[in-house]
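This structure is a prediction, so every number in the text was calculated from the model and none was measured.
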2 protein chains.
Amino acid sequence: MTARGRRNITIKDVARYAGVSTATVSRVLNGSSPVKDELVERVQHAVTTLGYHPNAAARTLKTRKANAIGILVPDISNPYFMQIIKGIEDVMALDFSLLMASSDEDSNKEKKLLNVLSEDRIDCLVLATAGGNDEVIRTIDEKGIPVVLIDRLPESLANVMDSVVEDNFWSAYELAQSMINLGIKSLGIIHGPMSASTAYQRASGCMAAIRQHAPRLAVREYFGDFTLESGERAVEHFLQEDAPEAIIALNNLMAVGAISKLIKHGFVIGKDIVAGSYGAIENYLLFGSSLRYVEQEPRTLGKLTGRVVQRRLEDRHAEVVSHVVKQQLGITVK
Amino acid sequence: MTARGRRNITIKDVARYAGVSTATVSRVLNGSSPVKDELVERVQHAVTTLGYHPNAAARTLKTRKANAIGILVPDISNPYFMQIIKGIEDVMALDFSLLMASSDEDSNKEKKLLNVLSEDRIDCLVLATAGGNDEVIRTIDEKGIPVVLIDRLPESLANVMDSVVEDNFWSAYELAQSMINLGIKSLGIIHGPMSASTAYQRASGCMAAIRQHAPRLAVREYFGDFTLESGERAVEHFLQEDAPEAIIALNNLMAVGAISKLIKHGFVIGKDIVAGSYGAIENYLLFGSSLRYVEQEPRTLGKLTGRVVQRRLEDRHAEVVSHVVKQQLGITVK
DNA sequence: TTGTACGCGTTATCAG
DNA sequence: CTGATAACGCGTACAA
C-alpha cells in the first residue's frame, strides 16, 4: 500500500551505492563500531543523495526496542492529563515517540487498547487506568512491557509495578479542613466514581477531616462521574433543599459544572457560598472570585513520571518505586 | 532488552502447540482465507492458553502497513489541537494508534520530529506545521508518507497535498466587522506570528474589514506570538496611551492574556471596553461577561480530518482535497 | 483446505 | 576494520 511498485530505499541500496557492505552502513549509522573515515564519508554521501531513511519496523524487529512509549489515559482532552503528557515529553529524548490513546473511562475500551499497545510496539506503558483491568495490566507488566501507573493506583497493583500518584487522601483532607475552619455548618460533597481509586481516596480524606474537626457538620453527598455534567446535576440535587453553606467538588471538571450552575442560580461564589475543588480550574483566576483548590501541578508529575520511565528502561529489573506526591492548597481571590 | 533470555511467544509456538502450520495460524488470525472449523478452534485455544500477541513490527515490516497515523502539532497542550485530535480519534478504528508529537512552534524541532516520524512507522501524517519545512514536508508526502495539513497551510504546499483549514480571512473579517458595527472609534489588534499562515490571513481579514467598513478607524497593532504572555504584553503596550474602545486578539491564548490583564487594570469587559477573540475561551462563558469570538469547533474539524485521512489511506492516488471550513461568530453574555 | 519456504529491512555474529 | 550471512516474526506465493 505504501509503495505502488516503487521500492523503498534500503540499507542495501546505500551499501551498493557506496560500494561497501550493509554491515558497514549499519555501523556508520549507529556508530556501533569504528569505521575508516573514508568509508564513513562515502556512506554519508550515499545516504543523503539517495534520501535514505532507516526502517523503524525492521529495526524494532531485530533489536526488540521500539523507541516509543505508550500513554493510555481516561480522557485525552482533560487538561490535567495533557499537562502530564507534556511533562513526560519534557524529559524524554526527541527520538522517542509517544503513542497515545484514550480509554474514555471505559474498561472495555481500555482492555482493547491495552491489547493493541502490547503488540511489542512500545518499550514502556504509562497508564492511568479506568479500572477493571488489573489482571491484564499485571500480565502485560510481568511478561511483556513494563508498566508505570499514574494518577490511579488499584490496590491489587500497588507495589507490583512503578507508580506515580498524588496523595489524594491527605490533599482532600486538607481541602476539607480548610473549609471547615471557616466555620461552615453545612457542606455538599460531589464525589467521583468509586471505581476510580482517586475518587475513593479523596472521599475518605474528606470524611476523615469531617470526623476529626467537625463531627456535627451537616453533610450531603452526591455521587458523580468526574464529568462536567455530573457537577451540574449535583448542584441541582443540592438545591432541591436549602443550599449548603459550602460545596466541594472532588475533581476539576465537576467543579466547573457545579460552579457554573451555582452562578446561573445567582449565587456569588465566596460570598453566598464557599466553593472548593480538587484540582485547579483553567482561567478561573482570571474571571472567578474566591475558590479553594488542591493545586495538582500535573506537569511536574509528568516530569517525574518521565524519569521513572527512563529508569525502568535502563534496568528492567530495578526495584519497584511508588511515588506519592503531596499537593499544595491554593486559594484564588479576585 | 525487552527479553532477558526469555523468548517471546511467536506464531511458530502457536502452530506447534495447535499442531498446524504457521500459515494456518496466520490465516485464522487474519481471516485471510478459509480454515476448517476444527483447526480454527485448536488455534484459538493455543492462542489464549499461550497468551500469544502478534508482533506489530514484524507485521508492519511484511505488510508495509503500520496501522498508525502520526500527528504533529505546534502545541500539544493547546486545547484547540487536543480537540482536533479527539475528533480524529472519534472516526479512526480502535486498532489504529495515534503517534503524537509537539513541535513547540519550533521549525528545527519540527524538522527532527518529521525525520523520526518518516521512518515508516506511520501510514499517514497529520500536520499543523510551525513553518519553514515546506521542502521536507513535500518530500515526505511525495515519496514517503501521505501528509494531511491542518490549521496551517503554507502557500507553497496548497493543492499539493490534502488539507483541512479554517477560513481565517473571512472569519476574522466578520469578527472585525461585528465590532465595527458597534460604532467604535478606536481598535487595538493583537496579531500572531506572521510566519504562521493563520496569523497572516487573520490579519488580512481584519484589515480588509476595516478598509471597507471603517476606513477612518484609529487602529493600533501589536505583534505577538500566539502565547498568553504576548497577549498580556499587548495590553500593557496599548495602555501606555489612551485605551482603545475595543480590542481584538487573533487567537485564544492571547485573548486570555489580554483580557486578564485588562481585568487586572480594572476594566469591565463589554462595558469599559469591547473584546473580541479568534477562538473561544474555555470556561469563559461560565465566569466572564461579554465576548465576541470566532467559534472554531475544533472537534468537528478533527472529524473531518479523520475522514480525509481514511480516504487517503484507501487510495493513495486519489485527487488532492482542500477543505476550507467557514466558522461561526459567537457572543457570550453573562 | 493445508503446508513449505521465501523475503520484508535491520542488526549481530562470525570469520577474515 | 570489513564483509558475508543468519536471524528477528510475520504474511503469502506456490505447491500439494
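Taking the side chain of N55(A) as heavy atoms from C-beta on, and the options dT10(C), dC10(D), dT5(D), the nearest nucleotide is dT10(C). In the set dC10(D), dT2(C), dC8(C), the nucleotide with an atom closest to the side chain of L61(B) is dC8(C).
Look at NZ on K12(B): it is 10 Å from P on dC10(D), rounded to the nearest Å. Remark: P of dG9(C) and CG of L50(A) are 14 Å apart, rounded to the nearest angstrom. Rounded to whole Å, the distance from CD1 on I11(B) to C1' on dC8(D) is 14 Å. Rounded to whole Å, the distance from CD on E119(A) to P on dC10(D) is 10 Å. Across the protein-nucleic acid pair, Y52(B) atom OH and dG9(D) atom P stand 10 Å apart, rounded to whole Å. In this structure, CZ of R16(A) is placed 12 Å from P of dG9(C), rounded to the nearest angstrom. Rounded to an integer number of Å, the gap from CG of L29(A) to P of dG9(C) is 15 Å. If you measure from atom CG of D37(A) to atom P of dT2(D), you get 9 Å, rounded to the nearest angstrom.
Remark: D90(B) does not engage R307(B) in a salt bridge, criterion side-chain N to carboxylate O under 4.0 Å. Checked for salt-bridge contact, R312(B) and D123(B) miss the test: no charged N lies under 4.0 Å from a carboxylate O. Ion pairing between E89(A) and R299(A) fails under the 4.0 Å rule for side-chain N and carboxylate O.
For dG11(D), the OP1/OP2 oxygens have a side-chain nitrogen or oxygen of N30(B) closer than 4.0 Å. Between R27(A) and dC1(D) there is no side-chain N or O to OP1 or OP2 distance below 4.0 Å. For dG9(D), one of the phosphate oxygens OP1 or OP2 lies less than 4.0 angstrom from a side-chain nitrogen or oxygen of R64(A). Contact check, T10(A) against dG9(C): no side-chain N or O comes under 4.0 Å of OP1 or OP2.
Nearer the 5' end of DNA chain D, as judged by each residue's closest nucleotide, is the contact made by V35(A), out of V35(A) and T24(B). For the pair P34(B) and A23(A), both in contact range of DNA chain C, the more 5′-proximal nearest nucleotide belongs to P34(B).
N159(A) and S322(A) share a donor-acceptor pair across their side chains, judged by distance under 3.5 Å alone. Side chains of T129(A) and E110(A): a donor on one and an acceptor on the other come within 3.5 Å.
In this model, a side-chain donor or acceptor of K62(A) finds a partner on the base of dT11(C) within 3.5 Å.
Within 4.0 Å of K36(A), counting heavy atoms only, lie sugar-phosphate atoms of the nucleic acid but no base atom. Residue S26(B) is classed as a base contact, given a heavy-atom separation below 4.0 Å to a base.
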